[in-house]
Amino acid sequence: MQDEPTPTELIKAVADFLRTEIAPAIKGHNSFKLRVGINALDLVTRQLALAEADDATEAARLKALLGVDGSLMELNRVLSERIASGEVDLKTPGLPEHLWRTTMDKLAVDQPNYASYKRELGT
């Protein structure tokens, strides 16, 4: 077990350093590549902070919806198979809500500044 700083704190510190100290000095295509790298670090930070809890919540919703147990990947596979076979559709109680919540949770990690996402949150 490691002490402080945590991996999240380290990644955030590197991203902040690159954003505030290095980015202003870089021009042209390298500036674009640097911004891509900073965005990747920010994404990893959000994944570390949110993904584990979101995955557990998604798995719990899927277990209740499908009436089966399994890993998140297995449960999503079952859901996909049931949708493909027509056994489950948007009229299935709980499915629209599950799909919406899963989408919003993924956007919180992947694209938290996406205008439509922010509009749905009311921010």
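In this structure, a donor-acceptor pair under 3.5 Å is absent between the side chains of Arg61 and Thr57.
Going from atom CD of Gln111 over to atom CZ of Arg46 covers 7.5 Å, rounded to the nearest 0.5 Å. Summarising the geometry, atom CG belonging to Asp54 is positioned 11.0 Å from atom CD belonging to Gln47; distances are rounded to the nearest 0.5 Å. Here OG1 of Thr102 is found 7.5 Å from CG of Asn76. Values are rounded to the nearest 0.5 Å. Here CE of Met73 is found 10.0 Å from CG of Asp55. Values are rounded to the nearest 0.5 Å. Atom CG of Leu34 sits about 9.5 Å away from atom CG of Asn39, to the nearest 0.5 Å.
Taking the side chain as every heavy atom from C-beta outward, Leu90 and Leu99 approach each other to under 4.5 Å. Looking at heavy atoms from C-beta onward, Leu79 lies in side-chain contact with Leu95 at the 4.5 angstrom threshold. Between Asp105 and Leu50 there is no side-chain heavy-atom pair separated by less than 4.5 Å. Inter-residue side-chain proximity for Leu41 and Leu18 is flagged as met; some heavy-atom pair is nearer than 4.5 Å. Between Leu75 and Val68 the shortest side-chain heavy-atom distance falls below 4.5 Å.
In terms of the ring-ring contact (aromatic ring centres under 6.0 Å, His included) criterion, Tyr114 has no residue partners (sequence neighbours excluded).
Judged purely by atom type and a 3.5 angstrom limit, Arg82 uses its side chain to pair as donor or acceptor with the backbone of Leu66.
The stretch residues 5-23 participates, sequence neighbours left out, in these salt bridge (Lys or Arg N to Asp or Glu O under 4.0 Å) pairs: Lys12-Asp16, Asp16-Arg19, Arg19-Asp42. Pairs engaging residues 107-123 under the salt bridge (Lys or Arg N to Asp or Glu O under 4.0 Å) rule: none recorded [sequence neighbours left out].
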